[in-house]
Amino acid sequence: MEKILIVGNGGREDALGWHLSKSNEVSKVIRISQKENFNSVEELIIREKIGLTIIGSEGQLSSGIVDFLNSKGIHNVFGPTQKMALVESDKFYSYDLMRELSIPQARSIKCSTKFEVFDAVKKFEQPVLKYRGLAGGKGVKVYSSQKEAWSDLENFVKNFGTEILVAERLHGKEFSVFGIADGRNVLPFEAAFQDYKRLGDGDAGPNTGGMGSYGPVQFISKELIYEITDGIIAPVVRKTNYKGFIYAGMIMSNDGVKVIEFNSRLGDPETQPTVMLIKNNLYDSIKSSLEGNVQKSLVKFKKGSSCCVVLASRGYPENYEVGLPISGISEAEKIKGIKIFHAGTKFENNSWMTDGGRVLGVTSYSCDGISIARKLAYEAVLKINVPGGFHYRKDISLIV
Ligand code: AMP
Ligand code: GLY
């Protein structure tokens, strides 16, 4: 039996921890904030005799936590090194890598000065501006016209500087594909997932960390997932000796599937429906990946669908109040097939309180498909409340 440490305390890590704790090989799962410094993570690993450490979020990965722990002689750490994590943390790097490997992506121009940015915007009818570094999902702006981009340019440059990738806007359905890589090979998750980044119904409003998700995405076949794994993800893994979870954000554009971005971790909130659907435990796949032998294991999915609706604090993603008492979580979990994952909560005076922008991921499973899974999730949503109510989308899994 082994103790697992998960670094990260969002909904994704709650879901992963819940899933891994069901493995017969796992005695305990400890989760800590992604804000912990490297030394205290090391101390905890030694003190608690942790057998496996999983890094959940891109911030710690791109700051080099895996390199740090390895340098201290701690090797059972699952996640890419700082250099491997560049695939997510540096959009110039991933653009160049995809070009080198002939991986289909949007036409883009790397810019370093204001003049270059302004010049590049003229080249695309519908420009997309992408800040080069990590920005928690907020560093990308997609415009419907040049005019719209022009009126926002100064503001974007003021916020993010001039290291910007200017891209053409692609149109089509987006979906996420995940895998586990061992430095050479990739084990695909055989279902694709979709997340809902915009705040409001009908994809209106600003981008958020994610307001919901569902899977499997009906329009993506297993064959296509294998094609994406072999033709797009595996070349990146081999070129960079990548280890850890890998996530390809894809779009089904008019001229075929293209990559929108690579991420060096699992998706949030896509992990929540993923763990409701996985048949065998990811623990075995993670361990075989650390041994450099990921192909020995499988990530199998159950028949059926899962839907996750995020309950957010009113005012998110801007200003919001925290510390409000949450009612109804246990009633909601009494509904068969429902699991509530915690993203921004704290337990105080015998009660759950809000403690973040995205608070809970109400997640369902139904063996009868997505419409039943959706119905269950929204039934559970109605049981949970805070004073003033939560904000949530009512169309998760309805629009694709
Ligand atoms: P990224 O951080 O690169 O994943 O971008 C965040 C979101 O912006 C994506 O999930 C897309 O919805 C959107 N996006 C990024 N690049 C493009 C593009 N070239 N065309 C259309 N939408 C895009
Ligand atoms: N679901 C989007 C992300 O995790 O980046």
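We use all heavy atoms of the structure for the numbers below, so side chains are in, but hydrogens, waters and symmetry mates are not. Everything quoted here is computed from the prediction, not taken from an experiment. Counting convention: from 1, in listed order, for ligands and their atoms alike.
- For ligand 1, the polar-atom distance check finds no N/O of Asn207 at less than 3.5 Å from any of the ligand's N/O atoms.
- Cluster annotation: Leu5 is not connected to Tyr283 through the hydrophobic network of ILVMFWY side chains, with a link wherever side-chain heavy atoms come within less than 4.5 Å.
- The Tyr247 neighbourhood of ligand 2 comprises atoms 1 (N), 2 (C), 3 (C), 4 (O), 5 (O), with distances under 4.0 Å to a heavy atom of that residue.
- Residue Tyr320 is not grouped with residue Leu324 when hydrophobic side chains (ILVMFWY) are merged at heavy-atom distances under 4.5 angstrom, including chains of intermediate members.
- In the vicinity of Gly267, heavy-atom distances shorter than 4.0 Å reach the ligand 2 atoms 4 (O).
- Remark: minimum distance from atom 4 (O) of ligand 1 to any protein heavy atom is reached at Glu261 CD, 2.5 Å.
- In this structure, Arg12 has no heavy atom closer than 4.0 Å to ligand 2.
- By the 3.5 Å distance cut-off applied to N or O atoms, Ala106 is not counted among the residues near ligand 1.
- Proximity annotation for atom 5 (O) of ligand 2: of Met211, Glu174, Arg265, Glu261, Arg265 comes nearest, heavy atoms only.
- Looking from atom 13 (C) of ligand 1 to the surrounding protein, the closest heavy atom is Val142 CG2, 3.8 Å.
- Side-chain contact annotation: Tyr378 with Arg374, donor-acceptor N/O pair under 3.5 Å absent.
- The Lys197 neighbourhood of ligand 1 comprises atoms 10 (O), with distances under 4.0 Å to a heavy atom of that residue.
- Within the 6.0 Å centre-distance limit, the rings of Phe245 and Phe78 are counted as a close aromatic pair.
- Protein heavy atom at the shortest distance from atom 17 (C) of ligand 1 is Ile260 CD1, 3.7 Å.
- Across all their heavy atoms, Val237 and Ala181 have their closest contact at CG2-CB, 3.7 Å.
- At the shortest separation from atom 5 (O) of ligand 1 among protein heavy atoms lies Val140 CG2, 3.5 Å.
- Hydrophobic clustering, with ILVMFWY side chains joined whenever heavy atoms are under 4.5 angstrom apart, groups Phe341 together with Ile6.
- Annotation for Gln34 and Gly8: closest pair OE1-CA, 3.3 Å, computed over non-hydrogen atoms.
- Ligand-side atoms of ligand 1 in range of Lys130: 3 (O), 15 (C), 16 (N), range being under 4.0 angstrom from any heavy atom.
- Here the shortest heavy-atom pairing between Val257 and Met250 reads CB-CE, 4.1 Å.
- When side chains are defined from C-beta on, Tyr214 does not count as touching Pro273, because their heavy atoms never get closer than 4.5 Å.
- Regarding atom 19 (N) of ligand 1, its nearest protein heavy-atom neighbour is Glu168 O, 2.9 Å.
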Would Thr271 and Phe193 count as a side chain to side chain contact (heavy atoms under 4.5 Å, CB included) if you check the C-alpha gap in whole Å, the side-chain angles of each, and the deciding distance to 0.1 Å?
-> CA-CA 9 Å; Thr271 305; Phe193 290 80; over 6 Å; no
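- Close approach to Asp195 involves these atoms of ligand 2, each under 4.0 Å from a residue heavy atom: 1 (N), 2 (C).
- The atoms of ligand 1 that sit less than 4.0 Å from any heavy atom of Glu174 are 9 (C), 10 (O), 11 (C), 12 (O).
- For an aromatic pair to be called close, the ring centres must be under 6.0 Å apart, and Trp150 with Phe118 satisfies this.
- With a heavy-atom cut-off of 4.0 Å, Glu270 touches ligand 2 through its side chain alone.
- By the criterion of a heavy-atom distance under 4.0 Å, both the backbone and the side chain of Leu170 are placed next to ligand 1.
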